[in-house]
Amino acid sequence: MPSAPESRYVAEAPSNIAFIKYWGKRSEESQWPANASLSMTLERCRTRTCARRNPAGDDVVSLNGSPLPRTDPRAVRIQKHLDFLRRTGGFSGALAIETENTFPEGCGIASSASGFAALTLAAVANWSGSRTLDDLAERGFDRTRLAHWSRMGSGSSCRSLWGGYVAWHPGESPEEQLVEPFPAEWALSDVIVVVSAEEKPVSSREAHRAAWTSPLFRPRLAGISEKWEKLSQALRTRELGELGPLLEQEALEMHGVIMSASPATRYLPPRTIEVLEWLRRQRALGRLEAYFTLDAGPNVHAICRRDAAVYVRDAIARAFPETRQMIDETGTGPRLKADLADTDPKGL
Ligand code: DP6
């Protein structure tokens, strides 16, 4: 593959927030999800990853400007994914990976989603000598293929390969999984309320494993197609009053599974619950129209119309002054260096 050893390949991939959650797996080895999931790609919460050849012979990783020790669990996971990509794509060559996020890690904003999408794009761009997403596709690495490679590093990352809305269907076997853009044209805002930026005590990978032990899990799976129908209809018809209650129910259902599994995990501290209740109260009083969703973490995503985002953010900031808020919105998808606009990803 043509690639100058000293070349830098920079990929920027967005995070995504699931409206129907990927929770639980039928097989961890093949990263085969228990249910279909649907997410909105974000615009500003991104990971930017640079891949250079490392003639010294080993993969090395630096995160937010600091080199990671080889034994650091994050470095080990990245290394494992690079090995998988080399094996699967027939690539060779060690890489020096520099990666940075525009948001705090491990705090419920899916850093593994944007992280593994950016890593997959940057690494394959380097090994294949591709400067743009079109170059990648021409060389046989289209987004669908890369999405399937990316999910092997972290499942939710496969939905970060496109902008807008993205669906991930499990199919009847691991090989029949389908990741594809979901046809909805609706720019919404996500007011992210960072209740805590601390690393979460139990990784989502561990909590995924426990899902099957929750008595709520099988009933949840049985209800997914009905939920899918209702939610996708609300997205297509752009009815926030229909979409919102489904978002809230889905987020609480996932946390219900997490809290009732064994071992049980609770990602929601009392302060998060206060934000959720406050949001519902404000809505009932007719003061704002925003609906919450959550990832496997303590931070709240308040989904609202774009013209309401600043108002919602300011109201939350006044009610919860100790939290940090970020306004994000439906995003445009990943970029490679040559595709990158001259924007500062830290400008949240
Ligand atoms: C709660 O993608 O982090 O964000 O495949 O084990 O890396 P692994 O799991 P991960 O799961 C995150 C699930 C979620 C919901 C979602 O994004 O759908």
Side-chain angles (χ1 to χ4, degrees), residues 3 5-16 25 28-31 45-128 146-161 196-209 295-297 334 336-337 345-346:
S3 168
E6 69 282 3
S7 289
R8 290 161 48 87
Y9 289 81
V10 182
E12 239 190 53
S15 184
N16 65 73
K25 310 182 191 192
E28 185 169 320
E29 205 195 333
S30 49
Q31 285 286 82
C45 287
R46 287 178 172 266
T47 299
R48 178 183 281 223
T49 296
C50 170
R52 280 180 295 116
R53 288 297 171 104
N54 186 20
D58 283 329
D59 297 323
V60 288
V61 180
S62 94
L63 177 61
N64 293 329
S66 315
L68 287 182
R70 192 162 281 290
T71 52
D72 183 290
R74 291 163 298 183
V76 171
R77 206 168 155 194
I78 289 172
Q79 166 79 61
K80 208 174 137 216
H81 190 58
L82 292 174
D83 284 341
F84 163 79
L85 292 172
R86 272 187 291 257
R87 224 172 33 246
T88 312
F91 304 118
S92 60
L95 297 179
I97 299 292
E98 289 162 38
T99 187
E100 58 178 21
N101 292 325
T102 62
F103 50 89
E105 279 144 59
C107 66
I109 306 175
S111 64
S112 71
S114 54
F116 279 90
L119 178 66
T120 304
L121 280 165
V124 176
N126 184 310
W127 286 319
S128 63
L146 295 177
H148 284 293
W149 287 356
S150 193
R151 76 171 164 71
M152 296 304 285
S154 180
S156 51
S157 72
C158 70
R159 299 186 315 238
S160 283
L161 268 285
S196 163
E198 277 172 30
E199 193 80 33
K200 54 194 182 198
V202 179
S203 72
S204 50
R205 178 137 304 185
E206 287 169 68
H208 268 293
R209 286 186 197 126
D295 265 334
L336 278 188
K337 171 111 197 217
K346 296 229 183 255

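Between Ser160 and Ser15, the shortest heavy-atom distance links the atoms OG-C, 3.9 Å. Nearest heavy atom pair, residue Pro69 against residue Ala75, reads O-CB, 3.5 Å. Of all heavy-atom pairs spanning Leu82 and Ala123, the tightest one is CD2-CB, 3.8 Å. Residues Thr120 and Leu146 share a closest heavy-atom pair of CG2-O, 3.9 Å. Considering every non-hydrogen atom in both Ala96 and Asn54, the closest pair reads N-CB, 3.8 Å.
Residues Glu100 and Thr47 have side chains not in contact (no heavy-atom distance under 4.5 Å, counting atoms from C-beta outward). Using a 4.5 Å heavy-atom cutoff, the side chains of Arg209 and Glu206 are in contact. Looking at heavy atoms from C-beta onward, Lys200 lies in side-chain contact with Ser204 at the 4.5 angstrom threshold. Side-chain contact check for Arg205 versus Lys25: some heavy-atom pair is nearer than 4.5 Å. A 4.5 Å side-chain heavy-atom check between Ile97 and Val60 finds every atom pair outside the cut-off. Residues Arg53 and Leu95 are in side-chain contact: their nearest non-hydrogen atoms beyond the backbone lie under 4.5 Å apart. Between Trp149 and Thr88 the shortest side-chain heavy-atom distance falls below 4.5 Å. Between Cys45 and Ser114, the closest side-chain pair of non-hydrogen atoms is not below 4.5 Å.
The backbone N or O of Ser156 sits less than 3.5 Å from a side-chain atom of Asn16, completing a donor-acceptor pair. Arg151 places a side-chain N or O within 3.5 Å of a backbone atom of Ser30 that can act as its donor or acceptor partner. Of the possible donor and acceptor atoms, one in the side chain of Asp72 sits under 3.5 Å from a partner among the backbone N and O of Arg74. Here the side chain of Glu98 pairs no donor or acceptor atom with the backbone of Cys50 at under 3.5 angstrom.
Remark: Glu12 CD to Leu336 CG distance equals 10.0 Å, nearest 0.5 Å.
Looking at Ser150 and Ser157, their side chains do bring a donor and an acceptor atom within 3.5 Å of each other. At a cut-off of 3.5 Å, with distance as the only test, no side-chain donor of Asn101 or Arg46 sits close to an acceptor on the other residue. Between Gln79 and Asp59, the side chains place a donor N or O and an acceptor N or O closer than 3.5 Å (distance only, hydrogens not considered).
Not a single ring-ring contact (aromatic ring centres under 6.0 Å, His included) links His148 to another residue, sequence neighbours left out. Scanning for side chain to side chain contact (heavy atoms under 4.5 Å, CB included) contacts around Ala122 gives Ala11, Thr49, Ala51, with sequence neighbours left out.
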Test salt bridge (charged side-chain N to carboxylate O under 4.0 Å, His left out) on Lys80 and Asp83; report intermediate values, then the result. CA-CA 5 Å; Lys80 208 174 137 216; Asp83 284 341; over 6 Å; no
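Using a 30° and 60° split on the angle between ring planes, Phe91 and Trp127 fall in the parallel class, below 30°.
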